[in-house]
Novice: 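Once you've had a glance at the structure underneath, I'll fire off some questions.
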Amino acid sequence: MKKGQNYLKDFLFILPSFLGVSIFVLIPFIDIIKRSFTNVTGELFVGFYNYEKVFQNTAFRLAMGNTLRFLIICVPLLLSFSLLLANIVYAWERTLKRTCLYQSICLLPMAVPIASLVFVWKIIFHRNGVWNHYFGSSIDWLNSSYAFAVLVGSFLWKNMGYYVVLWLTGLEGIPESLYEAAALDGAGSMKKFWYITLPSLKSMTSATFILALTGTFKSYREAYLLAGEYPDKSIYMIQHILHNWFRDMSMEKMSASAVVIVGIFAVIVYQMGGD
């Protein structure tokens with residue numbers, strides 16, 4: 001009887017969240033799947049015709065390619081460099097036996113409004129901006145293929161501190177006795193990292209990977225504010241084409257592309273979870 005009561009309490013505890021997710025996520029997504037197989041009015045079943053139009057669309061292939069390239073570059077760089085910085089900060093803390101000031105300021109970039117941040121990037125990387133002035137160049141950074149590097153740098157700078165804090169949380173949960181035992185066996189810093197730190201951070205790695213993956217899909221604001229609706233081809237992302245389709249009320253193409261993107265995202269997350 002008590003076991004049944006516990007199940008009922010657990011069910012009632014998650015019921016509000018489940019209802020919220022169902023109403024605002026699951027049910028709308030089921031409607032999107034249905035619309036991806038119908039015409040723009042949702043009245044005529046057209047099969048996979050919308051998917052064919054989406055994959056044959058040159059702009060969609062360009063946007064998807066740029067988005068995947070941005071993801072493939074930014075996620076490994078973000079996770080690896082933030083883990084490196086977190087280990088440096090953690091070692092510094094253990095050596096001095098004090099809380100590092102870096103933890104107090106590393107979240108500041110995330111507090112900077114996107115519009116203000118993009119304004120700074122424009123001042124620096126405009127054709128007549130600070131960078132070209134001091135280095136004597138005349139590159140139009142934001143309207144050329146270099147815009148992709150600017151976008152990557154902006155994304156890394158804004159998010160690096162947050163992931164350092166996440167890694168520090170995981171590092172602080174590793175028992176100090178493991179490192180002390182390894183030191184007694186003559187293990188150096190690299191062996192401690194490979195055989196103690198990385199295995200202990202396995203669950204944290206999956207969580208930070210998913211967060212970084214979703215974060216890359218939220219980088220549209222930076223790209224949009226840097227170069228508008230029609231930026232250089234190097235930073236024409238999937239959100240650009242979805243924005244343009246929404247403006248044109250091409251609901252059938254938006255629905256099909258959304259299903260494709262969710263499918264790709266689910267495969268990546270599943271593969272990461274399986275590893």
Side-chain angles (χ1 to χ4, degrees), residues 53-85 109-110 112-163 209 211-248 250 253-254 256-258 260-265 267-268:
K53 286 203 306 182
V54 165
F55 282 110
Q56 291 172 359
N57 189 293
T58 305
F60 176 80
R61 295 200 301 269
L62 173 65
M64 181 60 72
N66 286 336
T67 302
L68 291 176
R69 181 166 68 113
F70 186 76
L71 184 152
I72 292 170
I73 292 175
C74 284
V75 171
L77 287 178
L78 179 62
L79 296 184
S80 58
F81 280 113
S82 61
L83 179 58
L84 175 62
L85 288 174
M110 297 199 70
V112 178
I114 293 295
S116 302
L117 177 61
V118 170
F119 180 71
V120 173
W121 293 140
K122 286 185 176 182
I123 292 175
I124 296 174
F125 294 107
H126 190 269
R127 181 185 291 274
N128 300 317
V130 175
W131 185 278
N132 286 341
H133 175 74
Y134 281 101
F135 290 94
S137 57
S138 59
I139 300 174
D140 193 358
W141 297 91
L142 301 180
N143 294 297
S144 64
S145 58
Y146 294 103
F148 184 81
V150 175
L151 184 62
V152 169
S154 173
F155 176 81
L156 294 177
W157 181 84
K158 185 171 180 60
N159 294 277
M160 188 69 68
Y162 175 68
Y163 287 88
F209 174 81
L211 287 173
L213 193 65
T214 56
T216 56
F217 281 103
K218 297 178 182 178
S219 59
Y220 170 66
R221 293 175 300 172
E222 292 90 331
Y224 181 83
L225 291 173
L226 277 173
E229 294 184 3
Y230 297 96
D232 183 78
K233 289 183 178 181
S234 63
I235 58 171
Y236 188 76
M237 313 291 275
I238 195 68
Q239 293 91 341
H240 285 95
I241 195 168
L242 290 178
H243 170 81
N244 295 334
W245 282 345
F246 180 78
R247 181 196 57 199
D248 300 335
S250 300
K253 290 191 287 187
M254 286 185 62
S257 61
V260 171
I261 294 168
V262 170
I264 295 173
F265 184 84
V267 170
I268 296 174

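In what follows, residues are counted from 1 in the order of the sequence shown.
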Novice: What pairs of residues pass the salt bridge (charged side-chain N to carboxylate O under 4.0 Å, His left out) test when at least one of them lies in residues 112-135, not counting sequence neighbours?
Specialist: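 Passing the test, one end in residues 112-135: Arg127-Asp140.
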
Novice: Quick check: do Leu85 and Tyr163 have side-chain heavy atoms less than 4.5 Å from each other?
Specialist: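 Leu85 vs Tyr163: side chains apart.
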
Novice: Taking the side chain as C-beta and beyond, is there a heavy-atom pair between Asn128 and Asn132 under 4.5 Å?
Specialist: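 Of all side-chain heavy-atom pairs linking Asn132 with Asn128, none is under 4.5 Å.
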
Novice: Could you report the tightest heavy-atom contact between Phe81 and Met160, atom names first, then the distance?
Specialist: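 Closest approach of Phe81 to Met160, heavy atoms only: CB-CE, 3.7 Å.
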
Novice: Distance from Leu68 atom CG to Met237 atom CE, nearest 0.5 Å?
Specialist: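 Spacing of CG (Leu68) from CE (Met237) equals 9.0 Å.
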
Novice: With a cut-off of 6.0 Å (strictly less than), are more than 12 heavy atoms of other residues, nucleotides or ligands near NZ of Lys233?
Specialist: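 Atom NZ in Lys233 is not crowded, with 12 or fewer foreign heavy atoms closer than 6.0 Å.
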
Novice: Sequence neighbours excluded, which residues qualify as side chain to side chain donor-acceptor pair (under 3.5 Å) partners of Ser80?
Specialist: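 Not a single residue meets the side chain to side chain donor-acceptor pair (under 3.5 Å) criterion with Ser80.
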
Novice: Nearest 0.5 Å, what's the CD1-NE2 distance between Ile124 and His133?
Specialist: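 Separation between the atoms: 13.5 Å.
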
Novice: Only counting residues at least two apart or in another chain, list the ones meeting side chain to side chain donor-acceptor pair (under 3.5 Å) with Trp121.
Specialist: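 Side chain to side chain donor-acceptor pair (under 3.5 Å) list for Trp121, sorted by chain: Ser154.
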
Novice: To the closest 0.5 Å, what do you measure between CG (Leu213) and CG (Leu71)?
Specialist: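 With rounding to 0.5 Å, CG (Leu213) is 5.0 Å from CG (Leu71).
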
Novice: What is the distance from atom NE2 of His240 to atom CZ of Phe60, rounded to the nearest 0.5 Å?
Specialist: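 His240 NE2 to Phe60 CZ: 15.0 Å, rounded to 0.5 Å.
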
Novice: Going by the side chain to side chain donor-acceptor pair (under 3.5 Å) test, which pairs reach into residues 56-71, not counting sequence neighbours?
Specialist: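 Output for this query is empty, none listed.
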
Novice: Which residues pass the side chain to side chain donor-acceptor pair (under 3.5 Å) test with Ser234, sequence neighbours left out?
Specialist: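 Expected list: Asp232.
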
Novice: Can you tell me how far CG of Leu151 sits from SG of Cys74, rounded to the nearest 0.5 angstrom?
Specialist: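 Going from SG on Cys74 over to CG on Leu151, the span is 7.0 Å.
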
Novice: Could you check, using the six-membered ring where one of them is a Trp, whether Tyr146 and Phe125 have ring centers closer than 6.0 angstrom?
Specialist: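 Between Phe125 and Tyr146, which both carry aromatic rings, the centre distance is not below 6.0 Å.
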
Novice: Does some side-chain heavy atom of Leu242 sit less than 4.5 Å from a side-chain heavy atom of Trp245?
Specialist: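 The answer is yes, as the side chains (C-beta and beyond) meet within the 4.5 Å cut-off.
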
Novice: Could you give the distance from CZ (Phe265) to OG1 (Thr216), rounded to the nearest 0.5 Å?
Specialist: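 One finds 8.0 Å between CZ of Phe265 and OG1 of Thr216.
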
Novice: Under the side chain to side chain donor-acceptor pair (under 3.5 Å) rule, collect the residues that match up with His243, sequence neighbours excluded.
Specialist: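 His243 satisfies side chain to side chain donor-acceptor pair (under 3.5 Å) with Glu229 once adjacent residues are dropped.
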
Novice: State, yes or no, whether a side-chain contact exists between Leu78 and Phe155 at a heavy-atom distance under 4.5 Å.
Specialist: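 Side chain of Leu78 against side chain of Phe155, heavy atoms only: contact under 4.5 Å found.
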
